Q: 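For reference, the structure I am asking about is given below.
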4 protein chains.
Amino acid sequence: MQSRTPAPRATGRPRSAAANAAILAATRAALVELGWSKLTLGDVATRAGVAKTTLYRRWAGKNELVVDAVAELFDELELPDRGTLAADIEGVVLQFAAILARPEAKSGLMAVVAESTRDDLLRERIRASIVERQKRLVLEGRARAQLRGELPLEPDPGEAARTVDLIFDVVAGAVVHRTLVSAEPADEEWVRGFTRLLLLGLTGAAS
Amino acid sequence: MQSRTPAPRATGRPRSAAANAAILAATRAALVELGWSKLTLGDVATRAGVAKTTLYRRWAGKNELVVDAVAELFDELELPDRGTLAADIEGVVLQFAAILARPEAKSGLMAVVAESTRDDLLRERIRASIVERQKRLVLEGRARAQLRGELPLEPDPGEAARTVDLIFDVVAGAVVHRTLVSAEPADEEWVRGFTRLLLLGLTGAAS
Amino acid sequence: MQSRTPAPRATGRPRSAAANAAILAATRAALVELGWSKLTLGDVATRAGVAKTTLYRRWAGKNELVVDAVAELFDELELPDRGTLAADIEGVVLQFAAILARPEAKSGLMAVVAESTRDDLLRERIRASIVERQKRLVLEGRARAQLRGELPLEPDPGEAARTVDLIFDVVAGAVVHRTLVSAEPADEEWVRGFTRLLLLGLTGAAS
Amino acid sequence: MQSRTPAPRATGRPRSAAANAAILAATRAALVELGWSKLTLGDVATRAGVAKTTLYRRWAGKNELVVDAVAELFDELELPDRGTLAADIEGVVLQFAAILARPEAKSGLMAVVAESTRDDLLRERIRASIVERQKRLVLEGRARAQLRGELPLEPDPGEAARTVDLIFDVVAGAVVHRTLVSAEPADEEWVRGFTRLLLLGLTGAAS
DNA sequence: AGTTAACCGAGACGGTACGTCAGGTCTTTCC
DNA sequence: GGAAAGACCTGACGTACCGTCTCGGTTAACT
């Protein structure tokens, strides 16, 4: 997950494994307290009980570090079988909203996305470690709904991929916009309304 | 639109009106060339042919300045009558996508949203000068569709307002996410697919 | 005493006479509170109840203003007849020391002298309004001592002038150095010792 | 000689020794070219090939820096045995006058003295590194004169110290006043006249 | 009694320097 | 050879004053 992974050496003192986790945790703690723009690498190093040099040896800069620190947050998303597609969607959207409500996610995620508009490597890093990584949820949910007969099978694989992408953008985008731009909570009522809209859009039949 | 608007005086040298426009234009130019994080107020001042102090006399900081500079971009959104609701939506979404594709919008918008997660005044400023300001498009489109009979009248005003907010979050969120996070172009094909989903979700009937 | 005295006009509003005094008094007050380096012309203008422009219309800058403000302090030096040359010297030296002990003199005098090392006009202004102006004390004291027969008449006028200059430099220099550089008080005991030295140097006979 | 001397550490990169000398030399060069009031720490840093932060790490500000830079100038004063007290005095006074004629001394010395009237630490720094440091010359000269029998032994040590202080104030004060305030050269003729006055004052007998 | 020219206050303006802070790099000693 | 420590260079920060300017408005002397 680090940005700088030189060929493993046989000689010299090995890198402390504990340091990596400490640095990422310290980064999240600093995001909570200070937000992205006031977070400094020197401060993160101090919190992690590590020298600044160690930090630079493992990450190229603030952006890469924050992407890794934030990406871990989304790995806790799960999609247990809640019986119906509507319940599955509502469940995962609420989970996603809960993560986005946490200050370390809020503050960090949008900032690195902003930075990524001018940095191709950073954009790719975000796509790989956040976006593509979480599309599994859409795939899993769709497969399960198809098994239940709630969604038809899509014979064209290209069209299927496009639909996954569209759904992902709609879901993630709506929640992010609601939470961060409109600055209103994505609470149960809102999630119900959104799910109804989405489901209707997907199936053409009222939930 | 400035952040610092003391009670208008009768005395003293009046503020240069030309300076405001020059500064906002310079800000957008700097966003294009440098992006948000490398944009410096000193550089903006130089580009605008203005002293740094003049800039600080009118805006509290980088964030407020960028909000004003970016907000102007969205004022060019229009909603001409394209005959059907589907066409109206496709048209405005494409327009919105076109603006978001411009580097000064990309780079600036997400950054100030990120900052706004830790700054209530900034969040309010964004809401007032961007979000609420552009909800006019949703209102106008809905009214027109109702006249055409494409959408039913909504008797409950609270529910109507909630629907407007939901639609705005879904539309804006999806386009932003597609463009900036997924980093794929919101081209005609994608917009068609998205509009179909949205319209179906709103009406329950295929477009 | 102002630095800018344009040719007097016949028409137009005349300059406020009260303003000059108010400005010089405000300058001294600011010197007491802030010292030379933290004194700002804007602050002096405010204290004097005057616009900054008014101040710049009359003085070229901080240095010229301070010279004028400080010069007035030394005009209160007097040389009453105390009966003997020794008493006259002791008296005036104590008076001089008392003025130099005041913070507005301390802080301002050395600063303008320092500035005058790089500004010929300023040096000339200091000479004219402070140095030459106070040499009257030496001249008066010598004349009185010669009348009393305590000092011989000096037939050579060039030599007489050189002696006046020398005495002035020795007296003023010693008191200034004692007060400001050595930072010890020029109290009665010190003044007695200094006067003994000076008088012996002038006459070759113990006082 | 620096103002900030934290307890020496064992760890971390040590401070560059070369930088100190380069900074003080650059300070003197800037004093010559610009004078005290136009000297900026940024410029000094540039001249010394050093970052501004390095400079601030070692000195508290402009005043402390200039005191150190100027103090070094006076260390070149010497008192070789010239045979008689009169010759010794003339020699050292001429040397002192020569240093004071140099622009870096002129411009800097008076300015820091002026500042010291409002800053106790700065005054103490000046006393320690300039005044007390150079009193050695008076002590040495007196001791030598007493050996030669030109001056009587002073049995009372308190009185002896007072006399040293007085002589120092008279000599330094007179030369400084002649050079900077009266703005006349302290040339050989003036020094002869001054020495005659001083010697006569000390011994009561013509030189 | 009007005219008129210079004054006055207020405060914005283009600048320059300030002293601080963060980003990254380099140099030292220790492990 | 990694790691902690901290000095280093770079460059931007936001502030304070500088001295100038542009306003609206005032004031006294000269018509």
Side-chain angles (χ1 to χ4, degrees), chain A residues 6 9-16 19 37-46 48-62, chain B residues 6 9-17 19 37-46 48-62, chain C residues 6 8-16 19 37-46 49-62, chain D residues 6 9-16 19 37-46 49-62:
Chain A
R9 291 145 291 88
T11 173
R13 177 171 172 178
R15 288 184 177 173
S16 159
S37 66
K38 296 195 176 167
L39 175 154
T40 70
L41 294 197
D43 179 49
V44 168
T46 305
V50 142
K52 230 181 356 162
T53 8
T54 298
L55 211 151
Y56 277 105
R57 221 172 273 123
R58 303 181 186 200
W59 283 275
K62 187 164 159 173
Chain B
R9 295 145 294 86
T11 172
R13 176 173 173 175
R15 287 189 177 171
S16 159
S37 65
K38 296 198 175 166
L39 176 153
T40 70
L41 295 199
D43 179 49
V44 169
T46 304
V50 141
K52 212 169 28 145
T53 38
T54 297
L55 212 150
Y56 278 106
R57 220 175 275 123
R58 302 180 187 205
W59 284 275
K62 187 166 159 173
Chain C
R9 296 140 292 88
T11 174
R13 175 175 176 176
R15 287 186 178 168
S16 159
S37 66
K38 295 196 175 168
L39 176 153
T40 72
L41 294 199
D43 179 49
V44 168
T46 304
V50 140
K52 223 175 12 151
T53 19
T54 299
L55 211 151
Y56 276 106
R57 225 173 271 124
R58 303 181 186 203
W59 283 275
K62 187 166 160 172
Chain D
R9 295 145 296 87
T11 174
R13 177 173 171 176
R15 288 190 177 168
S16 158
S37 65
K38 297 197 175 166
L39 176 153
T40 71
L41 294 199
D43 179 51
V44 168
T46 304
V50 143
K52 216 172 22 148
T53 37
T54 297
L55 212 151
Y56 278 105
R57 215 175 282 120
R58 302 181 185 203
W59 283 275
K62 188 164 157 172

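All values reported here derive from a predicted model rather than from experimental measurement. Chain naming here is simple, since letters A, B, ... match the order of the sequence lines and numbering starts at 1 in each. In what follows, every heavy atom counts, from backbone to side chain, and hydrogens, waters and symmetry copies are set aside.
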Q: Can you tell me if the side-chain N/O atoms of B/T54 get under 4.0 Å from OP1 or OP2 in E/dG14?
A: yes
Q: Whole Å only: how far is the CZ atom of D/R15 from the C1' atom of E/dC26?
A: 16 Å
Q: How long is the line joining NZ of A/K52 and P of F/dA7, in whole Å?
A: 11 Å
Q: The criterion is side chain to side chain donor-acceptor pair (under 3.5 Å); which residues satisfy it with A/T54, sequence neighbours excluded?
A: none
Q: With sequence neighbours left out, write down each residue that passes side chain to side chain contact (heavy atoms under 4.5 Å, CB included) with A/A45, or none if nothing qualifies.
A: A/K52, A/L55
Q: Quick one: list whatever passes side chain to side chain contact (heavy atoms under 4.5 Å, CB included) with B/S16, sequence neighbours left out.
A: B/A18, B/A19, B/R58
Q: Can you see if the side chain of D/T40 gets near the phosphate of E/dT16 - specifically, an N or O under 4.0 Å from OP1 or OP2?
A: no
Q: Check whether any side-chain nitrogen or oxygen of A/R58 sits under 4.0 Å from OP1 or OP2 of F/dA3, and answer yes or no.
A: yes
Q: Tell me which of D/G49 and A/V50 sits closer to the 5' end of DNA chain F, going by the nucleotide each one is nearest to.
A: A/V50
Q: For B/A51 and for D/K38, locate the closest nucleotide of DNA chain E by heavy-atom distance; then report the residue assigned to the nucleotide nearer the 5' terminus.
A: B/A51
Q: Just the rounded figure in Å: distance from P of E/dA22 to OH of A/Y56.
A: 12 Å
Q: Give the minimum heavy-atom separation between D/L39 and D/K62, together with the two atoms involved.
A: O-NZ, 2.9 Å
Q: Select base, sugar-phosphate, or nothing to describe what A/L39 touches, counting heavy atoms under 4.0 Å on all strands.
A: sugar-phosphate
Q: Which residues satisfy the side chain to side chain contact (heavy atoms under 4.5 Å, CB included) test with D/T53, sequence neighbours excluded?
A: D/A51, D/R57
Q: If you assign C/S16 and B/S16 each to the DNA chain E nucleotide with the nearest heavy atom, which residue ends up on the more 5' nucleotide?
A: C/S16
Q: Rounded to whole angstroms, how far apart are CG on B/L41 and P on F/dG14?
A: 6 Å
Q: In whole Å, what is the span from the CG atom of B/L55 to the P atom of F/dA12?
A: 15 Å
Q: Just the atom pairs and distances: protein N or O near nucleotides 21-25 of chain F's N or O, under 3.5 Å.
A:
unit_1 : atom_1 : unit_2 : atom_2 : d
F/dC21 : O2     : B/R13  : NH1    : 3.3

